[in-house]
2 protein chains.
Amino acid sequence: MARTTPRRWRDIATDLLQRIEAGDLSPGDGSSGRRRLPPEKDLESYYGASRNTVRDALSWLQQQGFVVSEQGKGTFVVHRPNIVHVTLSAAELGLAPGNRSGQWYNRDAFIPASREVTVSPVKVEVQEGTKVIARYLQTNPGSEFVSRHQELFLDERPWALQTSFYPLSFATEGASRLLYPRDIPEGAVAYLGETLGYSEVGFHDEIRARIPDENEKRFFNLGDSAADVVFETVRTAYSPDGKAFRLTVTVWPADRTRLHYNNGKVPDDVLRTPGLGPSDHAPRESPPADDAGSG
Amino acid sequence: MARTTPRRWRDIATDLLQRIEAGDLSPGDGSSGRRRLPPEKDLESYYGASRNTVRDALSWLQQQGFVVSEQGKGTFVVHRPNIVHVTLSAAELGLAPGNRSGQWYNRDAFIPASREVTVSPVKVEVQEGTKVIARYLQTNPGSEFVSRHQELFLDERPWALQTSFYPLSFATEGASRLLYPRDIPEGAVAYLGETLGYSEVGFHDEIRARIPDENEKRFFNLGDSAADVVFETVRTAYSPDGKAFRLTVTVWPADRTRLHYNNGKVPDDVLRTPGLGPSDHAPRESPPADDAGSG
DNA sequence: TGGGATTTGTTCGTATGTATG
DNA sequence: ACATACATACGAACAAATCCC
């Protein structure tokens, strides 16, 4: 039945999605490697709908993360980058010593070998701690902290944004290098051990998913689609006396990141290659249905 | 002067967001406890813009998760539920025995005491494993699995969707209760220990964030906004001989869930009350700016 | 370098459909 | 049955970014 009833844009979106996933769009393309959809005017005549209706369909596809539109250029199929698997369990619990099939970044994140981690210069700030930071680090609200911020790249691509907080007193009582905007090659934890005698005997991680802020959108190249969210992990490190002495906040783009934790005895191959290799299944939003409900 | 320049909807969205967060909208409301925005027609005259432009603004607010529109009823400020903190580290590593300030659900998830977990009836299916399941459980693609699916509620509210997979051979070789759609009070792991001698000596977790499918949207009452994403945790449990014998996939609504992991020695109060209590800071999308960019 | 064509972005106007109360 | 309110759809014009000759 010819539905003069609404939902015209859903039909168009469904059909476009099908054509996108079948790959039969813009056959003779290849300009910048991105697949391009026909211009709105063409879709208008192809589907016999008004431009606004076509735009409603494209808008839904964009919101769901399937396409992205760029003024003056066109609408393009979104290319989702490869998944990066990051292991966050402690180094001590996981790999046998001498294992060379992976590397730890900052003793916090384990990634497969053969991938290269590069970092931006450290940006150091001294700030009054927010209530949240003070609570995590068990200090008085209003006390000062050193924050050390870095942009992390994996194979030259944006990978994570990381900020560590330390009580300012650490820097004034021996660990002065915390204040210098330079990398600490041996790692901040080891340095705090040498200078102040701290050692990390445990940590607590809190994981959330949220919408990125403008800065994160720029760095990770994220848009407004529902697929463009970030993980935020907050790691609190504890010394033997139960004092929190480091707070590290890391932000990861969730569309290309999987977080892994190991606990207890886990086979070596799982430790080495989390995610298990080949193609990752990617269950996305199901095609628009009139009403998927069964009650 | 009628400004013909673009971005009219951004101005409206910014202003509406400000009014929402200031709380000065629909002063005399209270019908169902939800704050309601003025109808589109009113906003049309209030801002001196066309209805379509007002709708563009509302559409953005909805996409960002600030409001939700319901046909025939109105547009309402979104009420984000309280955050639930869930600890996923193994029971053995964490709490001292006899600690009564919390409870483990299924030995997998630790939540504060005083909250009540209820579960739906178990839905049991026997299915050919997907490639992914077979890979995780180290079996041949095409072999059969028992899946046990449950809806979990916390204080009567939807909390998580959980599905566990076991090789069908487990059920045919002694652990027949896996096939019955009834709860296994002592826990499936303990039951597999009694019947088949399996014990869980370690596990591996993989965490992702993704857009919910239609079923998850219904269960968790999620919409299409970018704030409406879910965590999916995949837990693989290992026995002493390194064999994976259980695969549990759990889906959590990310807007009201924080995941926690402990590792090593962590103070007791952190173990007991992850999230540290009072109000959770909720950095959301910053108000729309003309262009936050510098390049 | 310029200028016109292409393509998406924004805004307005209008009409009708559908859900709610 | 009627009014309210959001959803869908069409048509039209101009703005802004990009592309191309």
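Keep in mind the model is a prediction, meaning the values are calculated, not measured.
- The cationic group of B/R19 lies under 6.0 Å from the six-membered ring centre of B/Y46 and within 45° of the ring axis, placing it in a cation-pi geometry.
- Distance CG (B/L43) to P (D/dT4): 16 Å, rounded to an integer number of Å.
- For D/dA16, the base has a donor-acceptor partner in the side chain of A/Q71 [N/O atoms by modelled type, under 3.5 angstrom].
- In this structure, the side chain of B/D155 engages the main chain of B/E116 through a donor-acceptor pair within 3.5 Å.
- Neither OP1 nor OP2 of D/dA7 sits under 4.0 Å from any side-chain N or O of A/R7.
- The separation between A/E44 atom CD and D/dA12 atom P is 10 Å, rounded to whole Å.
- The CG-P distance, from B/L58 to C/dT10, rounds to 15 Å in whole Å.
- Here the P atom of nucleotide C/dT6 and the CZ atom of A/R36 are 12 Å apart, to the nearest Å.
- Distance CZ (B/R34) to P (C/dT20): 12 Å, rounded to an integer number of Å.
- Atom C1' of nucleotide D/dT8 and atom CD of B/E70 are separated by 18 Å, given to the nearest angstrom.
- Proximity note for B/P39 (side chain, C-beta onward) versus D/dC19, C/dT8, D/dC6: the nearest is D/dC6.
- In terms of position along DNA chain D, the nucleotide closest to B/G72 lies nearer the 5' end than the nucleotide closest to the other residue of the pair B/G72 and A/G48.
- Test B/V249, B/T130, B/T248 against B/F165 for side-chain contact (heavy atoms from CB on, under 4.5 Å) and you get one pass: B/V249.
- A donor-acceptor pair under 3.5 Å is absent between the side-chain atoms of B/E40 and the main chain of B/V54, judged by distance alone.
- Residues in residues 67-78 of chain B take part in these side-chain hydrogen bond (donor to acceptor under 3.5 Å, both in side chains) pairs, two or more places apart or across chains: B/R34-B/E70, B/S69-B/T75, B/E70-B/K73.
- The separation between B/D11 atom CG and C/dT10 atom P is 12 Å, rounded to whole Å.
- Across all strands shown, D/dC2 is found opposite C/dG21 as a Watson-Crick or G-U wobble partner, with both distances under 3.5 Å.
- Rounded to whole Å, atom C1' of C/dT10 lies 12 Å from atom CD1 of B/I12.
- In this structure, the side chain to side chain contact (heavy atoms under 4.5 Å, CB included) partners of A/V77, at least two apart in sequence or on a different chain, are A/I20, A/R35, A/L37.
- Here the nucleotide nearest the side chain of B/T75, chosen from D/dC6, C/dT8, D/dT18, is D/dC6.
- No more than 12 heavy atoms of other residues, nucleotides or ligands sit less than 6.0 Å from atom CZ of B/R157.
- Near DNA chain D, meaning a heavy atom under 4.0 Å away, the residues from residues 49-57 of chain B are B/R51, B/N52, B/R55.
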